[in-house]
Number of protein chains: 2
Amino acid sequence: MWYGTGMKNVTIEDIARVAGVSKSTVSRVLNHTAVVAPEKRKAVIEATERLGFSPNVVARSLASGRSMTVGVLTQLIGSPFYDAISQGVIAGLGYSDYSPIFADGQWQETKQIDAIGALVGRRVDGMVLIGGGVPSDEISRQCSGLPTVIVARNLPSDRHHCIYMDNVSGGYLATRYLLQQGHRQIAIIRGLEHHPDAVDRFAGYQQAFNEAGLTPDPRLIVDGDFSAESGIRAVNELLSRDLAFTAIFAANDLSAFGARLALDQRGMQVPRDVSLIGFDDQLESAYVTPPLTTVRQPAREMGRQASEAILNLIEGGEFSTQAVQGELIIRQSVAPPLR
Amino acid sequence: MWYGTGMKNVTIEDIARVAGVSKSTVSRVLNHTAVVAPEKRKAVIEATERLGFSPNVVARSLASGRSMTVGVLTQLIGSPFYDAISQGVIAGLGYSDYSPIFADGQWQETKQIDAIGALVGRRVDGMVLIGGGVPSDEISRQCSGLPTVIVARNLPSDRHHCIYMDNVSGGYLATRYLLQQGHRQIAIIRGLEHHPDAVDRFAGYQQAFNEAGLTPDPRLIVDGDFSAESGIRAVNELLSRDLAFTAIFAANDLSAFGARLALDQRGMQVPRDVSLIGFDDQLESAYVTPPLTTVRQPAREMGRQASEAILNLIEGGEFSTQAVQGELIIRQSVAPPLR
DNA sequence: CCGGCTTCTGAAACCGGTTTCAGGATAGCG
DNA sequence: CGCTATCCTGAAACCGGTTTCAGAAGCCGG
C-alpha cells in the first residue's frame with residue numbers, strides 16, 4: 001500500500017541519503033529545530049522538493065507525543081444551533097496545524113463517554129465538548145491533563161473551561177421586549193424539561209416578569225422539546241385550552257416556526273393577532289414570513305472561540321470560562337397587542 | 001505529559017510485564033490475531049482491565065500502516081445541504097472503528113487542494129470529498145491508491161467513485177408537477193451560473209417543458225446564487241419587469257424562502273397568487289408558511305452512503321458511481337393557477 | 001520410543017519520525 | 001600556540017505498537 005503524490009513512499013531516510021546527511025539533520029532542517037550549515041540545509045531542501053517528500057504525520061506524532069489533532073464531541077442531532085458550533089470549530093481550526101477529529105455523542109450519555117474515550121485513545125492534543133450531558137467528574141476523569149473546552153454548556157466547577165451562552169439573560173431580553181411592547185399574556189414554549197438551556201431561558205422569562213412587578217400566568221407555560229413539531233403541539237394545546245394570550249416566546253427558532261405554522265392553520269396572523277419571538281437566530285429566521293424576531297446565539301462564533309481557546313490551552317496558555325451574551329434581533333414577528 | 005483515564009501512561013509493555021508474557025502475546029490477544037493459551041489470554045485481559053489500558057492508536061497506526069481515519073473535505077459555507085452530508089458521514093462512520101478528520105475547502109480550489117494534501121499527509125485510509133471543484137485529474141493525482149468517494153458531484157471519469165443527486169430529473173420532477181397543475185408561466189430562479197447542480201436543474205426544467213411541447217419564456221429565467229437573498233432579488237427583479245408568472249421554481253429551498261418573503265412583501269400570497277416550489281427539502285421547509293413543496297435531496301443519507309462506500313472500499317470491496325433520485329414532496333406551496 | 005508436524009511463544013526487527021548524547025571541528029582567548 | 005568554549009553533526013535510543021522468524025513444547029503415528 002502506498003499513498004502520497006508520487007511513488008512508493010519517500011521517508012526522511014531517503015532524503016538523508018540523497019542529501020548526503022543524517023536523518024537527524026533532515027529533521028532539524030524540516031523543523032527549524034537547530035542551526036544547520038547553509039549548504040547542508042540547501043541540500044536537504046532540494047532533496048525534499050525533488051523527491052516530493054511530505055513527512056509521515058503518524059510517525060511524527062508517535063515520536064513527538066503530539067498528534068496535532070483536536071477531538072470534537074458533537075451531538076449530531078441535526079440541531080441547527082449545535083451544528084453551527086461544529087462548523088465554527090472546523091473553521092477556526094482551519095488556520096492552524098491542528099485537524100479536528102469528530103466523534104458523535106448522539107445525546108446519549110453512554111455514547112458520549114465512549115466517544116470521549118475513543119478520542120482520548122487517539123491521543124488528541126485537545127478536546128472540544130459540544131453540549132452533551134456527561135457529568136463533570138467523568139469529564140475530569142477522562143480528560144485529566146488534556147486541554148479541554150466545553151461549549152454551549154456551563155459547568156460550575158472551575159476545573160473546566162466553558163464557553164456558554166447566558167441563557168438567563170437571553171430569556172430575559174426576549175421577555176422584556178415583549179413586555180415593553182405592551183404584552184402581558186405571554187405564553188412560553190419551553191424546551192426539554194431538564195435541559196439547562198431551557199431551564200435558564202425560562203428563568204429569564206420569570207425574571208423579566210418579576211422585574212416588571214408582574215406574574216406570568218402559569219397556564220400559559222407549556223412544555224416542548226426544541227423541535228418544530230413541539231411548537232405546533234404547544235400552540236394547539238394553548239388554543240384548545242381556550243386561553244387568551246397575545247404573544248409567544250418559543251424555546252428556539254425551530255419551535256417558533258412550528259408555532260407560526262400552527263397559528264396560521266388556525267387563521268391567526270403573526271404579529272397582528274399574536275406576536276412571536278424565537279431563540280437562536282438561525283440562518284432561515286431572517287427569511288420566514290414574517291421575519292422572526294429572536295435572540296441571537298452566536299453559535300458559529302462560539303465554535304470559533306472554542307477552537308482558539310483550545311489552541312491557546314495546548315500552547316500552555318490560560319483560559320477562563322466565558323459567558324457570551326445573546327443579542328435581541330428585532331424583525332417583524334412582534335408588534336404591540338391589538339387592543 | 002500524560003493522558004488516559006489514569007496514571008502515567010500504561011503501555012503494552014506494562015501489560016506484558018504484569019501478565020508475565022511478552023509484548024507479542026499481548027498484541028495477539030488484543031487483536032485476536034492468533035491463538036493464545038487460555039490462561040495467558042486470561043492474564044492479559046485481566047492486566048488490561050486492571051491497569052486500564054487503552055492502546056495508543058498512533059503507535060498502532062504507524063506499525064500497521066493504517067491510521068483508522070477517513071479524511072473528509074467539506075466546503076463549510078454553511079449550506080444546509082452540504083452540512084447535512086457531513087453530518088451523514090459522521091453518523092455513518094460512528095458505527096465503525098474509523099474516525100472522520102475534517103478539512104475545510106472554503107469553496108476555493110487552491111484551499112481544497114491544500115486541504116486534500118493535508119489529509120493525505122495524515123495518512124488517512126480513505127477520503128470523502130464533498131462537493132467542491134477540484135479538477136478530476138488533480139484528485140486522481142493526490143488520491144492515487146487511496147480509496148476515495150466523491151459526494152454530491154458527478155465526475156464522468158470512471159476512475160472516480162461518486163454518489164450524486166440526479167439534478168436533471170429533480171428539476172424535471174419539479175417543473176412537470178407545476179405544468180401538471182396547469183401552470184405555464186413558470187419562472188425559475190437559477191443557482192450559481194456555472195454550478196453543475198444549477199445547470200442540471202435548469203436542464204430538467206427545460207426538459208419538462210419540451211416534453212409537454214411547450215417553450216419556457218426566457219424572460220422568466222433569472223439568475224441567483226442559492227442564497228435566500230438571491231431569492232428576494234430574483235422576485236423583485238421579476239416583478240419590476242412587470243412580467244406575468246403564476247409559479248416559481250427556486251434553485252433551492254433557501255432561495256425559495258427568500259422568494260416567498262419578497263412575494264409577501266409585495267402583497268402576493270403563496271400559493272393563491274403564485275405557486276412556489278423549492279429544492280432540497282431542508283429541515284425547516286416543512287414548517288414554513290405555507291409548508292414548502294419541494295424536491296427532496298436525501299443529503300444525510302448520501303453522506304451515510306458515502307461512509308459505507310468508503311469503508312467498503314477500504315476493505316478492498318468494489319463500488320460504482322451511484323445517482324440518487326430526488327423525490328417530489330408535495331406540501332402546500334403549490335396550487336393550480338387562479339384563472 | 002523417536003521423528004515429524006503443529007501450536008504457541010518470545011526476541012527482535014520494523015514503522016518513520018524526534019531527541020538525546022557525545023564527539024569532531026572550529027573559534028575565541030590568554 | 002595551546003586550551004577551552006561553542007557550534008554542528010551523526011549515531012543511537014526512543015515513541016508504542018505490529019509482524020516476522022525461529023525455537024520450544026506438545027501431539028501424532030509408526
Side-chain angles (χ1 to χ4, degrees), chain A residues 1-4 7-44 47-48 51-69 97 120-125, chain B residues 1-4 7-44 47-48 51-69 97 120-125:
Chain A
M1 190 171 359
W2 55 83
Y3 307 112
M7 317 283 86
K8 305 279 159 11
N9 223 4
V10 25
T11 76
I12 202 176
E13 195 119 23
D14 301 325
I15 304 294
R17 193 171 344 96
V18 171
V21 298
S22 72
K23 282 170 44 173
S24 334
T25 300
V26 177
S27 173
R28 286 193 265 258
V29 171
L30 264 35
N31 301 305
H32 312 97
T33 180
V35 186
V36 171
E39 69 274 17
K40 301 208 176 189
R41 152 186 303 280
K42 189 154 155 289
V44 168
T48 304
L51 302 192
F53 170 73
S54 89
N56 183 324
V57 181
V58 177
R60 174 180 291 193
S61 299
L62 179 58
S64 67
R66 308 202 311 168
S67 64
M68 303 308 286
T69 55
D97 292 332
V120 170
R122 283 195 175 276
R123 300 302 192 271
V124 293
D125 298 325
Chain B
M1 191 172 0
W2 54 84
Y3 306 111
M7 317 283 86
K8 303 281 157 13
N9 222 3
V10 25
T11 76
I12 202 177
E13 195 118 23
D14 300 326
I15 303 296
R17 191 168 350 93
V18 170
V21 298
S22 71
K23 280 168 47 172
S24 336
T25 300
V26 177
S27 172
R28 286 192 266 259
V29 170
L30 263 36
N31 301 304
H32 312 98
T33 181
V35 186
V36 170
E39 69 274 18
K40 303 207 175 190
R41 147 184 310 277
K42 188 153 156 289
V44 168
T48 303
L51 302 191
F53 170 73
S54 87
N56 183 324
V57 181
V58 177
R60 173 179 292 191
S61 298
L62 178 59
S64 65
R66 308 201 312 169
S67 63
M68 304 308 286
T69 55
D97 291 333
V120 170
R122 283 195 175 276
R123 301 299 192 274
V124 294
D125 298 325

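Residue numbering restarts at 1 for every chain, and letters A, B, ... go by the order of the sequence lines. Computed from a predicted model, the values in this text were never measured in an experiment. Reckoned from all heavy atoms, side chains included, excluding hydrogens, waters and symmetry mates.
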Heavy-atom nearest nucleotide on DNA chain C taken for B/G20 and for A/L62; more 5' hit belongs to B/G20
Applying side chain to side chain donor-acceptor pair (under 3.5 Å) to A/T25 and not counting sequence neighbours gives A/S22
Residues passing the side chain to side chain contact (heavy atoms under 4.5 Å, CB included) test with A/A43, sequence neighbours excluded, are A/A19
Contacts of A/R122 meeting side chain to side chain donor-acceptor pair (under 3.5 Å) (sequence neighbours excluded), chain-then-number -> B/S99
Rounded to the nearest 0.5 angstrom, the CG-CD1 distance for B/N56 and B/I12 is 10.5 Å
Taking five pairs at each terminus, the helix from C/dC1-D/dG30 to C/dG30-D/dC1 shows an axis bend, to 10°, of 50°
* Asked: How would you label the contact of B/S24 with the nucleic acid (heavy atoms, under 4.0 Å): base, sugar-phosphate, or nothing?
  -> base
Any side-chain heavy atom of B/V124 within less than 4.5 Å of one from B/V120?
no
Is there any protein nitrogen or oxygen under 3.5 Å from a nitrogen or oxygen in nucleotides 7-9 of chain D, and what are the pairs?
residue, atom, partner, partner atom, Å
D/dT9, OP2, A/A37, N, 2.7

When rounded to the nearest 0.5 Å, the distance separating CZ of A/R66 from CG of A/D125 is 6.5 Å
Tell me which donor-acceptor pairs under 3.5 Å the side chains of residues 27-42 of chain B have, and how far apart each pair is, sequence neighbours excluded?
residue, atom, partner, partner atom, Å
B/S27, OG, B/N31, ND2, 3.3
B/N31, ND2, B/S27, O, 2.9

| said: Using a heavy-atom cut-off of 4.0 Å across all strands, would you classify B/T11 as base, sugar-phosphate, or nothing? | reply: sugar-phosphate
Taken in chain and number order and not counting sequence neighbours, the residues that satisfy side chain to side chain donor-acceptor pair (under 3.5 Å) with B/S61 are none
Counted 5' to 3', the first and last nucleotides of DNA chain C within 4.0 Å (strictly under) of a heavy-atom of chain A are C/dG16 to C/dT20
Tightest non-hydrogen contact, residues A/T69 and A/R123, listed as OG1-O, 4.3 Å
One should read off an interatomic distance between A/D14 CG and A/T48 OG1, to the nearest 0.5 angstrom, of 11.0 Å
